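The block underneath contains the structure these notes are about, expressed in structure tokens.
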Amino acid sequence: MLQTADHYPTRLDDKLGTFDRREPVVHSTGKAREHGPLGVSQLDQFERDGFIWLESFFPQEVVEPFFEELDAMARDPQMRDREEVIMDAEREKIRSVFAMHELSEAFDRMTRDPRLLGMAQQLLGGDVYIHQSRINSKAGFCGGGFDWHSDFETWHSEDGMPKMRAVSASIMLTDNNAFNGPLMLIPGSHRRFVPCVGKTPDNNWLKSLKSQEIGVPDRDDIASLANSRGIEAPTGPAGSLLLFDCNTLHASNANLSPWPRANLFFVYNSVENRLAEPFAGTQPRPEYLGARKRNVALSANT
Ligand code: 6CS
Ligand code: FE
């Protein structure tokens with residue numbers, strides 16, 4: 001397969017300065033931009049910040065069963081041994097479960113919720129499919145954190161995602177408060193690509209999903225972006241929704257509170273942005289991390 005041009009070189013031997021993203025943030029134009037679920041001020045906010053928070057988007061009783069399903073999985077030894085289930089370093093608690101939309105009909109239906117799908121299509125300018133879905137779970141007292149990173153930097157290097165034309169919809173399955181490790185984002189960071197130093201090891205995901213070392217921007221670059229626009233950590237009740245651009249820098253602290261924090265992520269990718277060969281030159285990652293087969297346009301639930 002002819003390799004697609006690499007417009008976002010990263011995982012380099014030597015440091016390369018940051019540079020502007022090449023794609024728009026909101027890809028739809030004209031009527032398609034105006035007639036989606038997000039209003040003009042919400043689109044402007046997403047364009048400016050690289051994320052938007054929609055408090056109590058789903059009623060709590062709609063998301064509670066999803067958290068119960070995760071709890072049931074955590075107690076099922078057979079489920080815990082699946083490759084899509086990432087345990088924490090101590091192998092005590094579940095850290096992530098990938099491909100939830102393939103494991104559960106209820107999750108699959110939620111990916112095609114007309115409002116969610118409509119917002120993804122509005123932001124990405126047309127038809128979309130699920131690149132990746134996951135639950136990131138932080139048990140009380142011991143849930144681990146996630147270092148600063150751009151998801152796109154990983155999906156470009158290790159999955160072959162050509163352009164910045166994907167968006168994450170993160171649905172809070174539990175309350176997210178200041179103490180249980182909410183997602184932290186740097187507003188405006190989505191506009192700059194931060195190349196990272198360090199070659200990608202083979203099968204990097206076996207390690208990176210527990211603790212990411214490769215693809216973490218250097219501290220000077222993180223500091224300069226944070227100094228220009230600060231850091232925000234949206235908090236709110238279960239059922240709240242965070243939409244964030246594939247390239248918005250984010251991280252989260254360990255959960256030292258007694259309360260669990262579990263968030264469900266659906267990553268929508270444009271059908272115009274299907275995966276090519278990984279730009280890091282590594283082997284493609286498994287289907288549950290980056291969809292290569294199940295990548296046809298989604299249609300909304302009727
Ligand atoms: O490698 C990935 O696809 C995952 N890694 C991180 C740190 N965030 C995005 C995604 O879940
Ligand atoms: Fe991430």
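It should be emphasised that the depicted structure is a prediction, and the values quoted were computed from it without experimental measurement. We count ligands from 1, going down the list as the structure has it; atoms in each ligand are counted the same way.
- Note: an N/O pair closer than 3.5 Å links R134 and ligand 1 by distance alone.
- Of all the heavy atoms of E158, none lies under 4.0 Å from any atom of ligand 1, so neither backbone nor side chain is involved.
- Every N/O-N/O distance between H250 and ligand 1 stays at or above 3.5 Å.
- Under a 4.0 Å heavy-atom criterion, W155 is in contact with ligand 1.
- Ligand 1 is never approached by L289 to a heavy-atom distance shorter than 4.0 Å.
- Less than 6.0 angstrom separates the ring centroid of F66 from the ring centroid of F107.
- At a heavy-atom distance under 4.0 Å, no atom of W205 approaches ligand 1.
- Close contacts of ligand 1 with R285, meaning ligand atoms under 4.0 Å from a residue heavy atom, involve 1 (O), 2 (C), 3 (O).
- For the pair R294 and Y129, the cation-pi test (distance below 6.0 Å, angle within 45°) is failed.
- How far CG of N136 is from CG of L264: 9.5 Å, rounded to the nearest 0.5 Å.
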**Trace of the side chain to side chain contact (heavy atoms under 4.5 Å, CB included) decision for F141 with L256** = CA-CA 4 Å; F141 293 116; L256 296 181; 6.0 Å; no
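- Within H250, the N, O or S atom at minimum distance from the Fe ion (ligand 2) carries the name NE2.
- D151 contributes OD1 as its N, O or S atom closest to the Fe ion (ligand 2).
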**Request:** Go through the steps for I130 and Y268 under the test side chain to side chain contact (heavy atoms under 4.5 Å, CB included), then give the verdict.
**Result:** CA-CA 5 Å; I130 296 290; Y268 293 96; 3.6 Å; yes
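- Ranking protein heavy atoms by distance to atom 8 (N) of ligand 1, first place goes to D151 OD1, 3.0 Å.
- Screening P217, C196, P195 for a side chain to side chain contact (heavy atoms under 4.5 Å, CB included) with E153, the sole residue that qualifies is C196.
- In terms of polar-atom proximity, defined here as any N/O pair under 3.5 Å, D159 makes no such contact with ligand 1.
- The protein atom (non-hydrogen) at minimum distance from atom 10 (C) of ligand 1 is Q132 OE1, 3.4 Å.
- Contacts between L209 and ligand 1 below 4.0 angstrom, taking non-hydrogen atoms only, involve the side chain exclusively.
- Ring to ring, F244 and H250 are close: their centroids are under 6.0 angstrom apart.
- L70 contributes atom CG, which lies 6.5 Å from atom CE of M100 (distance to the nearest 0.5 angstrom).
- Those atoms of ligand 1 that come under 4.0 Å of a heavy atom in Q212, given as number and element, are 7 (C).
- No donor-acceptor pair under 3.5 Å is formed between the side chain of R95 and the backbone N or O of G143.
- At the top of the distance list for atom 6 (C) of ligand 1, counting protein heavy atoms only, stands H149 NE2, 3.7 Å.
- Under a 4.0 Å N-O distance rule, the pair D20/R192 qualifies as a salt bridge.
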